Each structure stands twice: as C-alpha cells, then as structure tokens.
Undergrad: 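Next up is a structure, given as structure tokens.
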Protein chains: 2
Amino acid sequence: MDAYEAILTRRSTRKYKADPVAPEILQKVVEAGRYAPSGGNNQTNHFLVVQSPDVAEKLVGLAEAAFAKMEADENTYPSLRNSILASKKGGYVFTYRAPVLIVVANRKDYGNNMADAVAAVENMMIAANALDLGSCYINQLYWLNEEPSLLAALRNLGLKEDERVYASMALGYAATGDGLPSRKPLERKGNEVTFL
Amino acid sequence: MDAYEAILTRRSTRKYKADPVAPEILQKVVEAGRYAPSGGNNQTNHFLVVQSPDVAEKLVGLAEAAFAKMEADENTYPSLRNSILASKKGGYVFTYRAPVLIVVANRKDYGNNMADAVAAVENMMIAANALDLGSCYINQLYWLNEEPSLLAALRNLGLKEDERVYASMALGYAATGDGLPSRKPLERKGNEVTFL
C-alpha cells in the first residue's frame, strides 16, 4: 500500500477476529516499530509481543483489579475515568481481546522514553494498516506503569528492573465482513493548523 | 512510495538545502500529521508551520538564550546537555536551518498531549520521506515549553493560553548531491524484542 494512503486510512479497530497473526507478518509489524527514530539514536525501546491468550488474560485481570481500586471524578482524564468506572462494574477488557498486544517499554530514567515508544507504536499501526491488519492505541498499561501487581507480572515476562511501559497497541484482523479495518473518512473535529 | 519502505528508510536529516517546500507538498505533510490517532479522537493538536526565516530566527535566538542560562551536569539528559553547552558557547541553531519547522502544541491539561503530538510528528516524518523530503525530530521547544520568552513569542504566533509545545520537527530537502534523505541501512544497536 502507498505510504500516504496507509497514513490517511489508518483507523482504530476495537473488534477483532480470533485469527492469529502469522509470525512473518507480526515480525514485519514489529520491525516497523524498531525503525522509529529515538532520542540520540538510543534504540532503547523494549517490545513485549503478547500472543499467548493466558498472558493477555492475566494482564487484563490485573489491570481491571488495579483500576477498580482507583477513584475517578470530573477532573479525571475521561478515558482513564471510563477504565476506572468500567472496572468497578466488572468485566473490563482493555485489550479488546485482540490476538496480539504489543507493549513498548523503555528506561524509566531516560528523557525520551515516552516519545520513542509512541513513535514506534505509530510506525507499527501504519505498517499494520498497509498489511490489512487492524490496530488500536492502548493507554491502560502506561497509566498503570507503576502499579506493583502489573510491574511484577511484566517483569516475569521479561521487563527489566529499570523499564516501564510507555505505550502499547492491540493488533489483529478486524471483525468486519471482509476482515479489513474500517477506512471510512475521518470525522474532522479539530487539529488546527497555523501557517507562518 | 510503498508504506513499509517509507517507514524503514526514514532517517534523520540534519543538513538542508535553502529550497522552500512548495505549499501543496507542505499541505500534504501536515495533513498526514492531522490523521494521526488522538486520545478519545480529541484531535486537539495545534500545528504551527513556520516557513518564515524571520520567525524561525527569532525562536532560534530565544532558545539559545534560554539554554545558555541553564546548567548541565552528568545527570542531565545528554541531548539537553549538548543544547545547554552549545548555547553557552554561542551560535546554537536548534532548527538545523531547515526551511520549515513544524511545531505541534496541545492542551497543557490534557492527558494525551504528548502521545498525540509525537504520533502526528511520526506520521509527518514518514510522509516526508515518501515525498523525498528530509526531516528530523526536534525536542528543544518541548524542553523549553514553560520558558516565558518562548511562550510569549509562540503566543504571538497563535499558540493559545492553555497550549504548550510537545513535539516538533525540521523539514526540507536534504543537502546531499541528489537532494534525497540518507537512506543507508540503520545501524542497529538495541530495540530488544520479546515474543510471548
């Protein structure tokens, strides 16, 4: 797919087929993330590519339990507030049950950790779209990146002591008739531009 | 250019020709940024597209003066330290004198400000590469996003009271023989991947 088309037709997919993503396709998506720029070319992103349903389920349960203990009021960031309220009700699944969850961690004491992780996720979402895969940016593990239960679980999976999660994404085939992500025109609300 | 190729061959360009970027090309690059995902589809990025050499020169001078007043030691983030030390010496130009500087601001009190701005810049850098333009991620205005002199100057240019800069980039034709960005293989140092 043409680069410009892949950028303009990328949309957030929130419903996925159970079909797995073939290893060579998944490798291609992750490779796109590894080619994102990094501060001083440090390349310290650490990609945890979760395909195991058991591992994903464990993270989903820990996140729900952690959110359920948090409080939200009208000053809470709306998406975080939704996660908290949905978790208190029960049955909250932050991964949309996508077959793949890609978690991007980086060093806690590194000034460009957040920017490097986000740039990698954006690259992976564009590559996913070009490969007819759906994806969705996921904030929940970033919001909970100091939560002890999740830190312990992620360390069990390979997260290093000095690393924290800064961005993540769901990935898989969209649960639409043709298995393609929605590529309807984007509803334009803002994103103001000032030319100088 | 193919999407995957555009992602894998994007490199940081730090030397630019003086040639301006045609308005329709610049519009295309900014449009790529506007199509980046945003938290809750808020679309609150504000793109300040600086083409005027006078405006760029003003920002360069203010940034140099601000960095020159700061102190750096061995605990300072290395790139920031470089900016401080170079500014104390004098003649520090954070824009690489690229013909275009794109500044992405967002609301200070919005939880996804940084992620939304970085995703937009990444989209614009990939689009730029597909259009044979060079680009480079620029952190300096983010580091100085509470500096009063720069806030005042940016507000003069259209930045709103509640907005701050979270990411920016240089854009233009690379000062190489063929005017193309360097697309040499990336030197691989890190970016570890753990499949689970």
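All of these numbers come straight from a predicted model, not from anything done at the bench. Throughout, a chain's letter reflects where its sequence line sits, starting with A, and its residues are numbered from 1.
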Undergrad: Using distance alone, with no hydrogens and no angle criterion, decide if A:Y92 and A:S83 have a side-chain donor and acceptor under 3.5 Å apart.
TA: yes

Undergrad: Looking at B:A115, B:S79, B:A6, B:A127, which has the largest count of heavy-atom pairs under 4.5 Å with chain A?
TA: B:A115

Undergrad: Which region of B:V193, side chain (C-beta onward) or backbone (N, CA, C, O), has a non-hydrogen atom less than 4.5 Å from a non-hydrogen atom of chain A, or is it both or neither?
TA: both

Undergrad: Would you check if the side chain of A:D162 reaches a backbone N or O of A:R107 as a donor-acceptor pair within less than 3.5 Å?
TA: no

Undergrad: Just give me the residue among B:R10, B:M1, B:Q51 that pairs up with chain A most often, heavy atom to heavy atom, under 4.5 Å.
TA: B:R10

Undergrad: Heavy-atom cut-off 4.5 Å, strictly under: side chain, backbone, both or neither for B:F47 against chain A?
TA: both

Undergrad: With chain B as the partner, which of A:A117, A:G190, A:G39, A:G111 has the greatest number of non-hydrogen pairs under 4.5 Å?
TA: A:G190

Undergrad: Are B:E161 and B:K108 close enough for a salt bridge, meaning some N to O gap below 4.0 Å?
TA: no

Undergrad: With a 4.5 Å cut-off on heavy-atom pairs, point out which of A:N106, A:N42, A:I126 contacts chain B the most.
TA: A:I126

Undergrad: With a 4.5 angstrom heavy-atom cut-off, is it the side chain or the backbone of A:A3 that approaches chain B, or both, or neither?
TA: both

Undergrad: Which bit of A:N41 comes within less than 4.5 Å of chain B, counting heavy atoms only: side chain, backbone, both or neither?
TA: both

Undergrad: Examine whether an atom of A:P78 lies under 4.5 Å from a heavy atom of chain B, and if so say whether it belongs to the side chain, the backbone or both; otherwise answer neither.
TA: neither

Undergrad: Does any non-hydrogen side-chain atom of B:M169 lie less than 4.5 Å from one of B:L171?
TA: yes

Undergrad: Are more than 12 heavy atoms, taken from residues, nucleotides or ligands other than A:K15, located less than 6.0 Å from that residue's NZ atom?
TA: no

Undergrad: Between A:E64 and A:G91, is there a donor-acceptor pair closer than 3.5 Å when you use the side chain of the first and the backbone of the second?
TA: yes

Undergrad: Please look at A:S52 and chain B and tell me whether the side chain, the backbone, both or neither of the residue comes under 4.5 angstrom of a heavy atom of that chain.
TA: both

Undergrad: For the interface with chain B, which of A:G158, A:A130, A:A32, A:G40 has the highest count of heavy-atom pairs at distances below 4.5 Å?
TA: A:A32

Undergrad: Does a donor on one side chain and an acceptor on the other come within less than 3.5 Å for A:T9 and A:N129?
TA: yes

Undergrad: Chain B heavy atoms under 4.5 Å from A:V50: which part of the residue, side chain, backbone, both or neither?
TA: both

Undergrad: Does a sphere of radius 6.0 Å around OH in A:Y35 hold more than 12 heavy atoms from other residues, nucleotides or ligands, not counting ones at 6.0 Å or beyond?
TA: yes

Undergrad: Can you say whether A:F195 sits under 4.5 Å from chain B via the side chain, the backbone, both, or neither, judging by heavy atoms?
TA: both

Undergrad: Is it the case that B:N139 and A:N112 place a side-chain donor and acceptor less than 3.5 Å from each other?
TA: yes

Undergrad: Under a 4.5 Å cutoff for heavy-atom pairs, which residue among B:L48, B:L8, B:V55, B:L101 has the most contacts with chain A?
TA: B:L8

Undergrad: Which heavy atom of A:T13 sits nearest a heavy atom of A:C136, and at what distance?
TA: O-CB, 3.3 Å

Undergrad: Looking at B:E5, B:E31, B:M114, B:M125, which has the largest count of heavy-atom pairs under 4.5 Å with chain A?
TA: B:E31

